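If you're wondering where the values come from, they're calculated on a predicted model, not measured in any experiment. Every chain is numbered from 1 and lettered A, B, ... according to where its sequence line falls, protein lines coming before strand lines.
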Amino acid sequence: MLDIRFVRDNIDKVAKALKDRGEETAALKGIIDIENKRRDLIAETDKLRNRRNLISKEVGRLKARGEAAGDLMAEVLGFADRLKELEESLHDVEDKVRTILLGIANIPHASVPIGLDEDDNTEVRRVGEPRRFNFEPKNHWDIGGRLGILDFDRAVKITGARFAVYIGLGARLERALINFMLDIHTRENSYIEIFPPVLVNSDSMTGTGQLPKFRDDIFKIEGWDYFLIPTAEVPVTNIHRGEVLEAKNLPLYYTAYTPCFRAEAGSHGRDTRGLIRQHQFNKVELVKFVTPETSYEELEKLTGNAEEILKRLEIPYRVVDLCTGDLGFSAAKTYDIEVWLPGQQRYREISSCSNFEDYQARRAGIRYRPEGRKKNELVHTLNGSGLAVGRTLVAILENYQQEDGSVIIPEALRPYMGVDRIS
RNA sequence: GGAGAGGUGGCUGAGUGGUCGAAAGCGGCGGUCUCGAAAACCGUUGUGGGGGCAACUCCACCGUGGGUUCGAAUCCCACCUUCUCCGCCA
């Protein structure tokens with residue numbers, strides 16, 4: 001959420017930001033009027049409340065002395081209805097302002113390339129050489145199917161489309177990857193491990209920005225104000241919702257493995273086969289709470305932490321700087337990490353690392369008290385996948401496949417697998 | 001699921017209708033003392049918002065949302081939540 005005072009004073013900047021994102025600016029129309037109305041209402045209600053408070057005190061004094069106070073009490077009754085009306089209008093207008101603000105996307109950082117869609121993203125770096133195959137590399141669903149470690153047909157029976165059953169060494173590989181990632185992040189990069197609830201309430205979903213705008217993308221539990229998390233970002237960021245953090249405890253680094261659930265509304269026909277786009281998938285997430293002046297430096301470090309996993313696994317990837325049109329709703333800047341998939345002959349997103357600046361912190365009320373200063377400030381929040389586990393498994397199957405259909409396990413993963421090949 | 005007791009400032013904890021935004025203690029910060037520190041003593045110390053260049057001033061906030069009243073931390077209703085006992089349960 002943007003600061004209403006910022007919006008009021010910089011309406012042109014906000015409009016340009018939305019335009020750069022390719023979003024409607026209609027929401028901005030009238031927000032200034034509503035905000036002015038809000039402030040007028042505050043002035044008027046406060047004036048009446050002040051009068052009422054003064055009178056009430058006087059009534060108290062008079063009654064203590066046993067004197068009559070009927071006239072004063074009558075005066076308050078004279079404007080009681082008016083005050084009630086004003087308070088209701090104020091309530092109403094405050095809700096309106098908040099609703100509009102909740103629907104306005106974050107302002108992209110100045111360094112974000114202007115562009116329409118993913119074709120305008122800027123490649124930042126490429127790491128690792130795609131392997132040359134002396135045979136036609138297969139898709140991961142073919143590899144996994146033949147090895148008997150992935151079963152999509154039975155998942156349809158159990159649940160439906162966009163689910164998978166992992167079997168035997170397939171299940172073990174998924175679990176090995178989770179442990180491998182968590183171990184690196186906790187032991188080498190001092191992230192604190194979290195295992196959060198995977199059902200969250202609507203306040204949490206609003207805090208990180210999924211609600212109210214992206215209701216269709218998430219699963220809701222019928223009859224409850226509970227939602228299945230689309231990412232661990234939601235419960236982990238909301239750990240500190242409504243809190244004032246100690247400056248000396250910042251930056252805070254958290255990592256969490258969770259299953260993630262996405263409705264994938266509007267992506268019918270895309271990635272219908274295989275593990276790439278599932279309703280349920282595993283992810284190890286990295287979340288940071290930092291002071292504003294360090295957040296961009298922290299974004300670079302966080303992205304590096306995610307990249308480290310692919311380096312250890314020796315899988316080629318590239319990092320792209322998302323353009324304004326591809327940037328997520330709450331993010332000010334995002335780096336995507338894309339792995340090379342020989343089966344598709346292209347790079348596919350495996351991690352998204354973002355700096356939200358104070359956008360989520362303002363929604364969720366996450367502040368800190370800066371050293372030596374009196375006023376509390378909003379923290380900056382960041383998060384990134386470190387990594388999407390299912391897609392990492394895909395990358396391993398496709399990059400490490402052999403002509404005979406077997407798959408070699410990357411060196412770094414062997415202690416977690418207990419075997420060096422799946423065949 | 002049933003019965004009961006609670007939710008007050010960073011923490012502990014008083015406050016059951018009228019200068020209560022809230023006693024007291026602890027903690028924090030500043031100072032005196034000290035070579036320095038501790039102790040002791042003195043002072044200070046919640047959040048958000050409106051107006052004002054500022055000094056300052058006003059409003060709101062005692063789990064959340066409603067209600068009663070001239071006036072609510074205090075009374076009423078609903079909800080959330082914590083604890084204890086019983087039941088159930090991986």
Side-chain angles (χ1 to χ4, degrees), chain A residues 1-9 31-102 195-207 211 221 223-227 235 238-250 252 259 289 358-379:
Chain A
M1 183 164 71
L2 300 178
D3 183 357
I4 183 62
R5 283 165 295 200
F6 178 85
V7 175
R8 186 210 300 154
D9 299 337
I31 189 165
I32 300 284
D33 289 343
I34 295 173
E35 168 60 9
N36 285 337
K37 174 143 194 233
R38 184 181 73 93
R39 286 195 293 168
D40 289 348
L41 282 168
I42 287 172
E44 212 177 331
T45 47
D46 280 4
K47 207 170 124 192
L48 284 188
R49 290 207 272 226
N50 178 229
R51 181 70 193 143
R52 183 197 61 195
N53 291 346
L54 290 174
I55 290 175
S56 294
K57 270 181 192 163
E58 186 56 25
V59 169
R61 269 189 290 264
L62 289 172
K63 291 212 164 179
R65 277 186 266 138
E67 296 175 27
D71 290 353
L72 287 173
M73 283 157 64
E75 183 184 340
V76 174
L77 282 177
F79 63 73
D81 287 349
R82 173 71 184 144
L83 179 56
K84 195 169 167 115
E85 255 172 53
L86 284 170
E87 285 178 332
E88 277 167 15
S89 308
L90 180 58
H91 237 101
D92 203 53
V93 164
E94 279 171 342
D95 279 353
K96 272 189 188 137
V97 170
R98 185 173 165 80
T99 299
I100 294 174
L101 287 177
L102 285 177
F195 189 68
V198 300
L199 296 187
V200 299
N201 58 33
S202 52
D203 284 342
S204 292
M205 282 292 190
T206 306
L211 286 180
I221 306 297
W224 296 72
D225 179 37
Y226 289 168
F227 300 83
N238 277 282
I239 284 176
H240 294 300
R241 172 154 48 86
E243 294 184 11
V244 179
L245 305 174
E246 296 278 351
K248 64 170 191 278
N249 292 337
L250 298 178
L252 270 173
F289 300 83
D358 62 12
Y359 188 88
Q360 292 182 326
R362 184 172 294 104
R363 282 175 167 251
I366 308 172
R367 299 191 297 275
Y368 77 106
R369 183 180 293 283
E371 312 258 19
R373 267 180 287 165
K374 231 187 138 148
K375 208 98 169 100
N376 290 337
E377 304 274 357
L378 294 166
V379 300

[N], OP1 or OP2 - any side-chain N/O from [X] closer than 4.0 Å?
X: A:Arg369; N: B:U47; answer: yes
X: A:Arg5; N: B:G50; answer: yes
X: A:Lys375; N: B:G48; answer: yes
X: A:Asn53; N: B:C59; answer: yes
X: A:His91; N: B:A60; answer: no

Problem - Flag side-chain contact, heavy atom, 4.5 Å: A:Arg38 against A:Glu35 - result: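 Counting from C-beta outward, A:Arg38 and A:Glu35 do come under 4.5 Å.
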Rounded interatomic separation in angstrom, taking [atom1] from [X] and [atom2] from [N]:
X: A:Leu54; N: B:U57; atom1: CG; atom2: P; result: 14 Å
X: A:Tyr368; N: B:G10; atom1: OH; atom2: P; result: 19 Å
X: A:Met73; N: B:C70; atom1: CE; atom2: P; result: 5 Å
X: A:Glu246; N: B:C11; atom1: CD; atom2: C1'; result: 12 Å
X: A:Leu62; N: B:G71; atom1: CG; atom2: C1'; result: 13 Å
X: A:Arg49; N: B:U57; atom1: CZ; atom2: P; result: 20 Å
X: A:Leu77; N: B:U68; atom1: CG; atom2: P; result: 12 Å
X: A:Arg39; N: B:G52; atom1: CZ; atom2: C1'; result: 13 Å

All N/O donor-acceptor pairs, side-chain side in residues 64-81 of chain A, below 3.5 Å, sequence neighbours left out:
{"from": "A:Arg65", "atom 1": "NH1", "to": "A:Glu67", "atom 2": "OE2", "distance (Å)": "2.9"}
{"from": "A:Glu75", "atom 1": "OE1", "to": "A:Arg51", "atom 2": "NH2", "distance (Å)": "3.0"}
{"from": "A:Glu75", "atom 1": "OE2", "to": "A:Arg51", "atom 2": "NE", "distance (Å)": "2.8"}
{"from": "A:Glu75", "atom 1": "OE2", "to": "A:Arg51", "atom 2": "NH2", "distance (Å)": "3.2"}

Exercise for the section: Using a cut-off of 6.0 Å, state whether more than 12 heavy atoms not belonging to A:Arg8 lie near its atom CZ. Expected result: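 Yes - once you tally the heavy atoms of other residues, nucleotides and ligands closer than 6.0 Å, there are more than 12.
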Practice task
Check every atom of B:C58, B:G49, B:U47 against the side chain of A:Asn376 and return the nucleotide holding the closest atom.
Solution key: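 Closest nucleotide among those given: B:U47.
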Mind checking the [atom1] distance from [N] to [M]? Whole angstroms is fine.
N: B:G7; M: B:U12; atom1: P; answer: 12 Å
N: B:A60; M: B:G67; atom1: P; answer: 16 Å
N: B:G13; M: B:C88; atom1: P; answer: 34 Å

Problem - Partner residues of A:Phe227 under the ring pair (Phe, Tyr, Trp, His ring centres under 6.0 Å) criterion, sequence neighbours left out - result: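 Scan of A:Phe227 (ring pair (Phe, Tyr, Trp, His ring centres under 6.0 Å), adjacent residues dropped) gives none.
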Handout entry: Pair A:Glu94 + A:Arg98, salt bridge at N-O below 4.0 Å
Key =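 Salt bridge absent between A:Glu94 and A:Arg98.
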Handout entry: N-O pairing of A:Arg49 and A:Asp46 below 4.0 Å
Key =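 So A:Arg49 pairs with A:Asp46 through a salt bridge.
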Exercise for the section: Specify the residues of residues 83-90 of chain A, ordered by number, for which at least one heavy atom lies under 4.0 angstrom from an atom of RNA chain B. Expected result: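 A:Lys84 - these, ordered by number, are the residues of the stretch whose heavy atoms sit under 4.0 Å from the strand.
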